[in-house]
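Residue numbers start from 1 in every chain, and the chains themselves are labelled A, B, ... in the order their sequence lines are given, proteins ahead of strands.
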Number of protein chains: 2
Amino acid sequence: MRRTKTVDKFLTKFDKELKSGMISLILLFMIDRARDPMYGYQIIREIKEKTDGNLEFKEGTIYPILRNLEARGLLKSVWDTKGERPRKYYQITKDGKSALSHAIDDWETFSGVIKDLISRDGGEGGP
Amino acid sequence: MRRTKTVDKFLTKFDKELKSGMISLILLFMIDRARDPMYGYQIIREIKEKTDGNLEFKEGTIYPILRNLEARGLLKSVWDTKGERPRKYYQITKDGKSALSHAIDDWETFSGVIKDLISRDGGEGGP
DNA sequence: TCACAACACATAGAACCTCTATGTATTGTG
DNA sequence: CACAATACATAGAGGTTCTATGTGTTGTGA
């Protein structure tokens, strides 16, 4: 199947939207599963690492979202200024845990709906 | 697990973002798989129907996106003014088919990455 | 005949989002 | 000394869907 500029542009947009819809879930998830509190820069690297480079976010993307999640009460943060560098460590709250759990359920329902839809007639479609 | 207002707000936003990232794919998909060209109002109803009410879009959402997909060259449209009502029928183009096929691949890769990530330690997490 | 729902498309403006680009400052490295 | 990596921050651009509203037609029930 040919992949013209038109098609590429669409796919770039599509991938971007897929990613962006999931950022919050991924952030909550990473912070929840880590044994110790995490800081922003670290999260960025670990997402990249754990997804084998499939998912990569910039600082300008992540920091505002972490602040947003904190403002919503799903995360809480503490500054550590005693270490080698000042770092802002995030932990998940009770509401955060609840939101994460429900969001994962929603994700599973949603991806199931999409899967059913696109596999209804066996995928790749018409001649 | 309690579900506070805070949590509900987050989930509403989350669900909305999930949905919106997939609209284009769903529209291309529906139009591609239909035997005959489809018109906007019909697409809205069929999405609702085929997903058992899980996915529902408003006219104000769908029409601009159909136009956008046409402007990008992934759909083409024809007005039918001879029937009982004037309707704008959409068909998928070659680029549209290509974009759809790649987008489905991307979706499968992406949902796989997320699935791996969130099932790495067996789901729900925490004590 | 009248009122109202459903059909069918259209669009302006609001509200929201992430990303680009840039800035600050410190620490390690060649 | 210059530069890369670490670490956080934010303004502004650019993009998106959704809300709300408008137009007009057809069908339906009282």
Side-chain angles (χ1 to χ4, degrees), chain A residues 9-28 31 37-49 55-72 74-75 77-90 103 110, chain B residues 9-28 31 37-49 55-72 74-75 77-90 103 110:
Chain A
K9 249 186 215 170
F10 175 80
L11 291 171
T12 302
K13 173 178 163 287
F14 178 71
D15 290 347
K16 195 169 156 181
E17 282 170 4
L18 275 187
K19 257 178 73 178
S20 74
M22 295 296 287
I23 294 184
S24 298
L25 184 141
I26 293 168
L27 292 180
L28 287 176
I31 294 169
M38 296 184 83
Y39 59 94
Y41 201 80
Q42 175 192 19
I43 294 168
I44 293 170
R45 277 178 314 179
E46 289 205 10
I47 290 173
K48 188 178 173 184
E49 207 181 293
L55 239 46
E56 194 175 357
F57 297 102
K58 300 290 168 54
E59 297 161 82
T61 305
I62 297 301
Y63 291 126
I65 297 173
L66 288 173
R67 290 162 155 281
N68 179 267
L69 290 172
E70 186 175 18
R72 287 167 175 275
L74 307 180
L75 294 178
S77 72
V78 182
W79 273 100
D80 175 11
T81 51
K82 292 177 188 160
E84 25 177 41
R85 280 156 202 265
R87 285 169 178 163
K88 197 174 189 175
Y89 282 93
Y90 288 92
F110 180 81
Chain B
K9 249 184 215 169
F10 175 79
L11 291 171
T12 302
K13 175 178 162 287
F14 178 70
D15 290 347
K16 195 168 154 182
E17 283 169 3
L18 274 187
K19 256 178 73 178
S20 75
M22 294 297 286
I23 294 183
S24 298
L25 183 141
I26 292 168
L27 292 181
L28 287 176
I31 293 168
M38 296 182 83
Y39 60 96
Y41 201 82
Q42 175 191 20
I43 294 168
I44 292 170
R45 277 178 313 180
E46 291 205 7
I47 289 173
K48 187 178 173 185
E49 206 181 296
L55 241 46
E56 193 174 357
F57 297 101
K58 301 288 168 55
E59 296 160 83
T61 305
I62 296 303
Y63 292 126
I65 298 173
L66 287 172
R67 288 161 158 283
N68 178 268
L69 290 172
E70 185 175 17
R72 286 166 176 277
L74 306 180
L75 293 177
S77 72
V78 182
W79 273 100
D80 175 11
T81 51
K82 290 176 190 163
E84 23 176 43
R85 281 158 202 263
R87 286 168 178 162
K88 197 176 188 174
Y89 283 93
Y90 288 92
F110 179 82

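- Following rounding to the nearest Å, A:Ile65 (CD1) and C:dC16 (P) show an atom-to-atom distance of 16 Å.
- C:dA8 atom P lies 15 Å from atom CD1 of B:Ile62, rounded to whole Å.
- In this structure B:Glu70 satisfies the side-chain hydrogen bond (donor to acceptor under 3.5 Å, both in side chains) test together with B:Ser77, sequence neighbours excluded.
- For B:Pro86, the side chain to side chain contact (heavy atoms under 4.5 Å, CB included) partners at least two apart in sequence or on another chain are B:Trp79, B:Thr81.
- Between B:Tyr39 atom OH and C:dA6 atom C1' the separation is 11 Å, expressed in whole Å.
- Residues passing the side chain to side chain contact (heavy atoms under 4.5 Å, CB included) test with A:Ile65 are A:Ile23, A:Ser24, A:Leu27, A:Thr61, A:Leu69, sequence neighbours excluded.
- Taking atom OH of residue B:Tyr41 and atom C1' of nucleotide C:dA10, one finds them 14 Å apart after rounding to whole Å.
- Atom CD in B:Glu59 sits about 8 Å away from atom C1' in C:dC7, given to the nearest Å.
- The distance between atom CG of A:Leu69 and atom P of C:dC16, rounded to the nearest whole Å, is 16 Å.
- Looking at residues two or more places apart in sequence or on another chain, you find a salt bridge (Lys or Arg N to Asp or Glu O under 4.0 Å) between B:Glu56 and B:Lys48.
- Atom CG in A:Asn68 sits roughly 7 Å away from atom P in C:dT18 (whole-Å rounding).
- Not counting sequence neighbours, A:Phe57 has no partner by the ring-ring contact (aromatic ring centres under 6.0 Å, His included) test.
- Listed in residue order, the members of residues 9-17 of chain B having a heavy atom less than 4.0 Å from DNA chain D are B:Lys16.
- Between A:Leu55 and B:Phe110, some side-chain heavy-atom pair lies under the 4.5 Å cut-off.
- At whole-Å resolution of the value, CD in B:Glu70 and C1' in C:dC9 are 13 Å apart.
- Looking at residues two or more places apart in sequence or on another chain, you find a ring-ring contact (aromatic ring centres under 6.0 Å, His included) between A:Tyr89 and A:Tyr39.
- For C:dA6, neither phosphate oxygen OP1 nor OP2 lies less than 4.0 angstrom from any side-chain nitrogen or oxygen of B:Arg45.
- For the salt bridge (Lys or Arg N to Asp or Glu O under 4.0 Å) test, residues two or more places apart in sequence or in another chain that qualify with A:Lys13 are A:Glu17.
- Put simply, the side chain of B:Met38 reaches to within 4.5 Å of the side chain of B:Glu46, judged on heavy atoms.
- Of the residues in residues 77-90 of chain B, those with a non-hydrogen atom less than 4.0 angstrom from any atom of DNA chain D are B:Glu84, B:Arg85.
- Not counting sequence neighbours, B:Arg72 has no partner by the salt bridge (Lys or Arg N to Asp or Glu O under 4.0 Å) test.
- B:Gly60 comes within contact range of at least one nucleobase, with a heavy-atom separation under 4.0 Å.
- Residues that satisfy the salt bridge (Lys or Arg N to Asp or Glu O under 4.0 Å) test with B:Lys16, not counting sequence neighbours, are absent from this structure.
- Of all nucleotides in DNA chain D having an atom under 4.0 Å from a heavy atom of chain A, the first and last in 5' to 3' order are D:dT6 to D:dT16.
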